[in-house]
Undergrad: 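Below are the structure tokens for one structure; questions will follow.
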Number of protein chains: 2
Amino acid sequence: MNGKATTTRTRLDRGRSALGPALELVHTGRAPTRAVLTAELGVTRATAGAVAAELEALGLIRVDSNPGAAAGSQGRPSHRLAVDEKGPVALAAQVHADGFRAALVGLGGTIVATAPGCVTVSADPAQVLGAVVDAGAALLRETGRRCVGAGLAAPSAVAEPEGTALNPLHLAWPAGAPVREIFAERVRAAGIEGPAFTGNDVNLAALAEHRHGAGRGARDLLCVATGHRGVGGALVLDGRLHTGSAGLALEVGHLTVNPEGRPCHCGSRGCLDVETDPLAFLTVAGRDPGPEVSLLQQARDLLRTSPDDPGVRAATEELIDRLGLGLAGLVNILNPDRIILGGLHRELLHADPERLRAVVADRSLWGRSGGVPILPCTLDHNSLVGAAELAWQPVLDDPLSALGREPATP
Amino acid sequence: MNGKATTTRTRLDRGRSALGPALELVHTGRAPTRAVLTAELGVTRATAGAVAAELEALGLIRVDSNPGAAAGSQGRPSHRLAVDEKGPVALAAQVHADGFRAALVGLGGTIVATAPGCVTVSADPAQVLGAVVDAGAALLRETGRRCVGAGLAAPSAVAEPEGTALNPLHLAWPAGAPVREIFAERVRAAGIEGPAFTGNDVNLAALAEHRHGAGRGARDLLCVATGHRGVGGALVLDGRLHTGSAGLALEVGHLTVNPEGRPCHCGSRGCLDVETDPLAFLTVAGRDPGPEVSLLQQARDLLRTSPDDPGVRAATEELIDRLGLGLAGLVNILNPDRIILGGLHRELLHADPERLRAVVADRSLWGRSGGVPILPCTLDHNSLVGAAELAWQPVLDDPLSALGREPATP
DNA sequence: CGTACTTTGTTTAGTAGCGGCACAAACTCA
DNA sequence: TGAGTTTGTGCCGCTACTAAACAAAGTACG
């Protein structure tokens, strides 16, 4: 076989622009085999094979030539595609009122290692972010994993394009703190490879649920969640977060859901924020919130342990009605094809799903859009996984340039 | 010249996937010259030249080798790119409470011919749509233009994917009328070439303004407008209409803007619909609406002729405050980078722009997003032009297959 | 008025990434 | 064991580009 030198190319010169979409399909679990990958990409088997081979060569996925049971189907069994669990990871960081958490997240949204940390709430963002980045750097050293980048989930709206935290009310941080810049600087200082990103925690939770959780397959996904205080929202359209032109979209906390309701710090009354958050639940239920654990935890415990207590029952129903009103307003404006609830709202849905669905359907204008499925979040640490998604995104968009070959800007 | 046969190909085999984006740039006026086209497409001059040549060969654009003044610039003057005004057209149709209108619209959103028509409001959609399609067919015969397809602007939400009119309240049509199907059938019956599309009029107005009017260049464009009765909204994201999963997004008419306001047919009180439409304006101004001309026309005339009348002044201010509250709510949820107002809302903006902007900024949560520019519609017949955009879309997406070469589904 | 410079358009020669096709491989079914 | 079915691979060629050199058409400036 007088093979010409060109033969050395046949495998690695194939598949470039289809590389990103293919990786995303494996990442989100929508391409378990090469045959499915071929169909999903809309390419030929030859191309899909070459793309899979190149992704394997990059150390991102594995192609199992497994003899695994192709139960009940005819023909040659497909090789299985899976994320390479020994591959690179993204560093994910989260800060909230109670402390912080760092984790390493591989492709597929699997948490490889995690390091919770508690700090006394500090008014200095640089100190907290430095601590969480250091925890992440320690995880990277311990595991020896390659890092593709870092992502931070912040409990505040993040203004675009500056990356400043607009309302970190419950962190005692100064409004307008340049969190993105501080985080990126700390990541660089810790010697962590790759770019650094920052986003709002509810936005990132929605992104994670869309790719790996209850939102998988939705085209227009609305996510609403409580933290310890207040309510946040997020919208994923066609697989991408809609953050609005200034990063301030889906600030749903101040929708009016009770015209005669409690006054809100925004100047209005009866906002979703003050009517459906954990503090509201405890107050309506007639409990004095204690200072020992977080309000969210207290509300959750109360709802789980004594759901039939009259006060708890009344609080549940009132909050469900208020939340339903807010969701109906959002449905009329956004018309999502799925809604996902997190935090206390998830518990309220769990407590009486029929009531919530009925309120939303009743207050939505057109019956059809009121019939939107409302589901609970399903992922653990979804904000953390979402933060990792930010860091993975460049790799999903263009694996070759993101992983160092063909440097984008030399 | 012993030229090989292959030489005959050098011109028409070039430029395929860049063809659509290039046409869209010329269509929206963002590529006045080949040099700009080169930069906008991010391709080489060779490719841009070949693409422009092919679009010219398709009869869609013209390349002027004009000696026209390249005032003040060095270097070789660029050839000018322009839409071919003798090229094909789209048939645009609009129906509203007062009658209908048909038009032929060329690339660039220019109305080539128009035929207004008045029919007594008929409860039979097939009759009205048949009349407007016939008027369009007559225009096509008169002008002898080639037709790329037809689009209909309906004054109602259009449910996806069925294409039924959900709330044609002011047309006396049955709710749930299959307008898309009826329109498509009439278009086929009239022997008009190309596919037929149907959309909501405010949505289509927003699309037209985004491509050819006050919304040009906006990434997230919010459009709010009154017709004769009621209020509609639309959102254009990244150049595409956001219609939601069931076509029901941006049904903003029932946002609460006055908790103690007028009762609305939706069961609530103080909806944007009943608080800021032309009837509300006339009522607050203390005028009895007459039956002779449309409510919108009466309100417009009143506002223009006697803006300093105390009743008119009070009505203007009250409606501006209500509208501002509704817009602020939308800004908090959608965070658009531009807002465009149509119908009576356009007149209200014109009457006191500062007041409206102040209310929106004041009721928006974060100062920055309250500073969103609010502009009046600038296009005549923007719904009609938007309807034509629907019909042009397949050509913009893939000129070759849409214009008959390479039939998509043989 | 001619020369240098700037910018635009064209020609020619590649090349990356895919499709098409034939064939090989691996299984099920009868 | 062989036919049928589905999956993976090697090879060829096409399409839509890029790269680079060249040509053209103007301005700037002596």
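Proteins come first, then strands; the chains are lettered A, B, ... in the order of their sequence lines, and each starts at number 1.
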Undergrad: Side-chain donor or acceptor of B:R45 under 3.5 Å from a matching atom on the base of C:dG9?
TA: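 Indeed, a donor on one side and an acceptor on the other fall under 3.5 Å apart.
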Undergrad: Mind listing the residues from residues 24-35 of chain B sitting with a heavy atom below 4.0 Å of DNA chain C? Number order is fine.
TA: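 Close to the strand are B:R34, B:A35.
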Undergrad: Between A:L400 (CG) and C:dA16 (C1'), how many Å, whole number?
TA: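 One finds 12 Å between C1' of C:dA16 and CG of A:L400, rounded.
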Undergrad: Rounded to whole angstroms, how far apart are CG on B:L37 and P on C:dG9?
TA: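 My rounded result for the distance is 10 Å.
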Undergrad: Below 6.0 angstrom between ring centroids: does that apply to A:H27 and A:H212?
TA: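 Ring centres of A:H212 and A:H27 closer than 6.0 Å.
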Undergrad: Can you find a donor-acceptor N/O pair under 3.5 angstrom joining the side chain of B:R76 to the base of C:dT8?
TA: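 Yes, the side chain and the base share a sub-3.5 Å donor-acceptor pair.
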Undergrad: Would you say the side chain of B:L241 lies within less than 4.5 Å of the side chain of B:L235, judging by non-hydrogen atoms?
TA: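 A side-chain contact is absent here, since even the closest heavy-atom pair is not under 4.5 Å.
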Undergrad: With a 4.0 Å cut-off on N to O distance, would you call A:R180 and A:E162 a salt bridge?
TA: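 Looking at A:R180 and A:E162, the cut-off is not met.
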Undergrad: Taking atom C1' of C:dT8 as reference, at what distance in whole Å does atom CG of B:D64 sit?
TA: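 After rounding, the gap between these two atoms is 16 Å.
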Undergrad: Just by distance, with hydrogens left out, do B:R30 and B:T28 show a side-chain donor and acceptor under 3.5 Å apart?
TA: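 Note: B:R30 and B:T28 side chains meet the donor-acceptor criterion.
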Undergrad: Without decimals, in angstroms, what is the distance between A:R80 CZ and C:dC27 C1'?
TA: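 Taking atom C1' of C:dC27 as the reference, CZ of A:R80 is at 15 Å.
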Undergrad: Less than 4.0 angstrom between a side-chain N/O of B:S17 and OP1 or OP2 of D:dC17, yes or no?
TA: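 Yes, such a contact exists.
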